[in-house]
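Residue numbers begin at 1 in each chain, while the letters A, B, ... track the order of the sequences.
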Amino acid sequence: MAGKKLSIIVFSGTIDKLMPVGILASGAAASGYEVNLFFTFWGLNAISKQGMQAPPQIDKNYEQMGPMMIKKMMDMKFPMWHQMVKEAKEVGEVKVYACSTTMEFFGLKKENLADFVDDVVGVATFLDRAEGGTTLFI
Amino acid sequence: MSQEAKITKTLDVKGMYCPGPVMETAKAIKQINVGEVLEVLATDPAAKPDIEAWARRTGHQILDIQQQGGVTRILVKRAK
């Protein structure tokens, strides 16, 4: 049973996709999975210090549901996705990686990223870490 | 069985939703010693299957699960 892992390529930067990243990462970490999160493209933008301060965006297809979702989340006292990622790191073995190529696209340096980022890596590192486990593209 | 189990700590996660109950259970189990029992009180309908799955994965032992109205009461023994 031990030694399982869950790796997620976090491509999307909208709240409707980032929420499941936080939920999956924390649930897996609490259950003893090794978790690897690889933030790339819009996902990486979402964990830049600027992106973290910006109001959360929702997928255009579900735009009209945005305000209702945010209200409901607050009523449920549901934590923000990045709080769940931080908590996952406290509870289990979770590594957060930032994609180096995307950082160049957005002109970001490591110090411009959220403090829960462990390392700036490329695809080879991510694939190596993810090998033998379940990998999701979100 | 539940009457005999001596509860060391009670975790109240009523009103929390997935993954809250599992996260809090994972944290709380570390705060008791091996062999001691954690009582979890939850209202999330996923709490029972989720904490059962969590226990299978992490090797802890479920002693008892009871439904008391809208509240699920789960006794978990720290096994390692």
Side-chain angles (χ1 to χ4, degrees), chain A residues 1-8 10 15-37 56 65 68-96 116 132-136 138, chain B residues 8-65 69-80:
Chain A
M1 298 285 272
K4 286 222 173 188
K5 55 180 148 182
L6 174 70
S7 303
I8 307 178
V10 187
I15 187 77
D16 48 298
K17 304 276 203 323
L18 292 167
M19 286 291 294
V21 170
I23 293 170
L24 284 162
S26 53
S31 302
Y33 284 72
E34 174 192 326
V35 178
N36 300 295
L37 303 179
M65 294 185 75
M68 181 272 280
M69 294 273 307
I70 299 289
K71 186 186 177 301
K72 191 70 200 173
M73 268 172 57
M74 286 171 75
D75 288 349
M76 287 169 74
K77 295 192 176 68
F78 209 87
M80 276 301 286
W81 71 273
H82 46 80
Q83 287 168 336
M84 285 189 273
V85 170
K86 280 188 210 168
E87 208 166 333
K89 292 189 73 162
E90 282 163 27
V91 140
E93 198 192 329
V94 180
K95 287 276 184 268
V96 175
F116 56 75
T134 300
T135 301
L136 305 174
I138 298 183
Chain B
T8 302
K9 185 181 167 64
T10 295
L11 173 69
D12 184 348
V13 287
K14 295 196 286 285
M16 285 186 89
Y17 296 87
C18 165
V22 164
M23 282 298 278
E24 296 306 318
T25 301
K27 282 193 246 173
I29 203 83
K30 291 181 184 159
Q31 292 164 7
I32 62 171
N33 296 316
V34 172
E36 291 180 337
V37 177
L38 174 72
E39 176 187 46
V40 183
L41 302 173
T43 50
D44 182 356
K48 179 180 181 289
D50 274 20
I51 290 172
E52 283 174 328
W54 166 85
R56 273 198 305 277
R57 295 258 352 148
T58 53
H60 297 296
Q61 192 190 347
I62 304 269
L63 298 182
D64 191 48
I65 302 184
V71 179
T72 310
R73 179 174 177 269
I74 305 167
L75 299 186
V76 191
K77 186 175 174 184
R78 179 168 177 175
K80 59 179 186 176

Show me the donor-acceptor pairs, under 3.5 Å and distance only, between side chains in residues 13-35 of chain B and residues at least two apart or in other chains.
from    : atom 1 : to      : atom 2 : distance (Å)
B:Lys14 : NZ     : B:Asp12 : OD1    : 3.4
B:Lys14 : NZ     : B:Asp12 : OD2    : 3.1
B:Glu24 : OE2    : B:Lys27 : NZ     : 3.3
B:Thr25 : OG1    : B:Pro21 : O      : 2.6
B:Lys27 : NZ     : A:Glu87 : OE2    : 2.5
B:Lys30 : NZ     : A:Val91 : O      : 3.1
B:Gln31 : OE1    : B:Lys9  : NZ     : 3.1

N/O donor to acceptor pairs below 3.5 angstrom from side-chain atoms of residues 68-78 of chain A, sequence neighbours left out:
from    : atom 1 : to      : atom 2 : distance (Å)
A:Lys71 : NZ     : A:Asp75 : OD2    : 2.9

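Under the ring-ring contact (aromatic ring centres under 6.0 Å, His included) criterion, the residue pairs touching residues 30-65 of chain B are B:Trp54-B:His60, with sequence neighbours excluded.
Heavy atoms from other residues, nucleotides or ligands lying under 6.0 Å from NZ of B:Lys77 number 12 at most.
Using a distance-only test at 3.5 Å, with no hydrogens or angles considered, a donor-acceptor pair links the side chain of B:Arg78 to the main chain of B:Lys80.
Within residues 38-47 of chain B, no residue has any heavy atom closer than 4.5 Å to a heavy atom of chain A.
In summary, A:Lys86 and A:Glu90 do not engage in a salt bridge, as defined by a charged side-chain N under 4.0 Å from a carboxylate O.
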